[in-house]
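Following: one structure in structure tokens, then a few remarks.
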There are 2 protein chains.
Amino acid sequence: MNIGELAKRTGLTNSRIRFYESAGLLKTVDRRPNGYRTYSSDAVLVLELITTAQKAGFTLDEIRTLLPSDLERWEHDALLDALRKKVRDIEALEHRLAESKAQLVGLIGDIEAKPGDMDCAANARRVLSRMLGKAVDTPTGAVDDKPAGKAMRRPRARAV
Amino acid sequence: MNIGELAKRTGLTNSRIRFYESAGLLKTVDRRPNGYRTYSSDAVLVLELITTAQKAGFTLDEIRTLLPSDLERWEHDALLDALRKKVRDIEALEHRLAESKAQLVGLIGDIEAKPGDMDCAANARRVLSRMLGKAVDTPTGAVDDKPAGKAMRRPRARAV
DNA sequence: CTTGACCTTCAACTTAACTGAAACGTTACG
DNA sequence: CGTAACGTTTCAGTTAAGTTGAAGGTCAAG
């Protein structure tokens with residue numbers, strides 16, 4: 001089949017298919033005497049594999065190292081390792097997301113919990129100081145930017 | 001303070017600070033007669049806000065629309081809306097990650113569950129057909145007619 | 001006066017995964 | 001034969017969030 005037919009069958013664009021070939025992901029391509037690419041039906045499978053793996057979070061680089069030239073001869077152990085590592089990556093990302101979410105939810109609560117008698121500016125400072133985990137200057141005084149001394153160690157901002 | 005001092009205080013690079021200014025994120029900057037930028041201590045807060053918001057998943061574009069010119073005058077409602085929306089975004093991402101992970105775990109199990117009497121090629125086809133949720137051609141005319149083959153149809157793999 | 005540490009601007013480069021245009025060749029149809 | 005619909009290559013551009021480097025101005029010390 002020609003590239004247009006393959007594109008129709010997979011739902012990908014011609015340019016994307018050519019791009020995958022140039023990236024070394026699609027090696028099952030022959031040329032007809034006129035220069036046209038011609039594909040077997042395996043190419044459909046390979047492209048579907050690629051898009052599926054992408055949705056699961058694999059980069060094209062990773063996919064290239066895992067895809068066998070022959071669809072029936074996978075590198076069994078390397079594949080399982082990569083799949084397990086990707087699961088661990090997802091779990092790490094889930095963890096980071098949960099932390100970000102908790103921080104955001106806490107911040108929302110903090111903003112909404114403005115005491116009725118506090119004005120907006122004061123509340124802004126209160127929320128800001130909680131969010132950055134440190135003291136925040138009240139703005140009324142003069143700003144001093146004298147160097148005046150060096151090692152003033154503050155706690156690192158919490159990584160999210 | 002000069003840009004080098006600000007960089008030291010925030011842990012950012014000079015170029016990154018200039019970049020944030022050019023991106024419209026850091027407007028609290030004056031120039032001395034020699035052209036040098038000069039910052040008040042508020043700039044430290046603004047930069048810490050920016051990096052904190054980034055860690056929580058906000059893009060610089062989003063941060064720019066939310067950051068007030070005056071740290072005490074936030075657009076209260078827009079800010080809360082954005083925070084809530086970001087929480088929903090995170091939840092959607094968590095959902096997609098859970099699906100991806102489930103698919104990967106299922107795939108790992110499927111690969112490991114190779115019947116002892118099945119050869120690798122046949123297992124590859126079996127796993128492939130399950131993963132892509134459809135029939136996969138058996139190559140070279142060898143017809144796979146194991147009778148109970150499709151008995152345990154699991155639910156389709158969902159797009160992620 | 002020279003050295004070295006700062007500071008300035010501006011353009012180009014980076015990564016990932018493509019997309020689109022330009023300019024051209026091939027095929028199918030009437 | 002004309003032309004529309006395919007196909008080809010090559011190159012440039014896109015997005016995000018910066019980094020890097022060149023070429024040069026400023027400042028304090030020795």
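Chain A is the first sequence line, chain B the second, and so forth, proteins listed ahead of strands; every chain is numbered from 1.
In this view, A:Glu94 and B:Lys101 satisfy the salt bridge (Lys or Arg N to Asp or Glu O under 4.0 Å) rule, not counting sequence neighbours. A:Lys85 meets the salt bridge (Lys or Arg N to Asp or Glu O under 4.0 Å) test with A:Asp89; sequence neighbours excluded. Judged as a salt bridge (Lys or Arg N to Asp or Glu O under 4.0 Å), and not counting sequence neighbours, A:Lys114 has no contacts. In terms of the side-chain contact (heavy atoms from CB on, under 4.5 Å) criterion, residue partners of B:Asp119 (sequence neighbours excluded) are, by chain and number, B:Ala121, B:Ala122. A search for salt bridge (Lys or Arg N to Asp or Glu O under 4.0 Å) contacts involving B:Asp61 returns B:Arg64, not counting sequence neighbours. Listed by chain and residue number, A:Ser22, A:Leu60 satisfy the side-chain contact (heavy atoms from CB on, under 4.5 Å) test with A:Phe19 (two or more places apart in sequence, or in another chain).
Contacts between residues 11-30 of chain A and DNA chain D, defined by a heavy-atom separation under 4.0 Å, are made by A:Asn14, A:Arg18.
Sorted by first and then second residue, the pairs that involve residues 26-35 of chain A and meet side-chain hydrogen bond (donor to acceptor under 3.5 Å, both in side chains), not counting sequence neighbours, are A:Asn2-A:Arg32. Applying the side-chain hydrogen bond (donor to acceptor under 3.5 Å, both in side chains) definition to pairs two or more places apart or across chains, those involving residues 74-84 of chain A are A:Arg84-B:Glu112.
First and last contacting nucleotides of DNA chain D toward chain A (any atom under 4.0 angstrom from a heavy atom, 5' to 3' order): D:dC6 to D:dT9. With a heavy-atom cut-off of 4.0 Å to chain B, the contacted part of DNA chain C has its first and last nucleotide at C:dC6 to C:dT9.
Comparing the start and finish of the helix from C:dC1-D:dG30 to C:dG30-D:dC1, five pairs each, the helix axis swings through 30°, to the nearest 10 degrees.
Separating the CE atom in B:Met1 from the CG atom in B:Leu6 is a distance of 5.5 Å, to the nearest 0.5 Å.
In this structure, B:Thr59 and A:Glu5 both approach DNA chain D, and ranking their closest nucleotides by distance from the 5' end singles out A:Glu5. Of the two residues near DNA chain C, B:Gly35 and A:Asn34, the one whose nearest nucleotide lies more 5' is B:Gly35.
Residue A:Arg31 is in sugar-phosphate contact alone, with no base atom involved, counting any heavy-atom pair closer than 4.0 Å across all strands shown.
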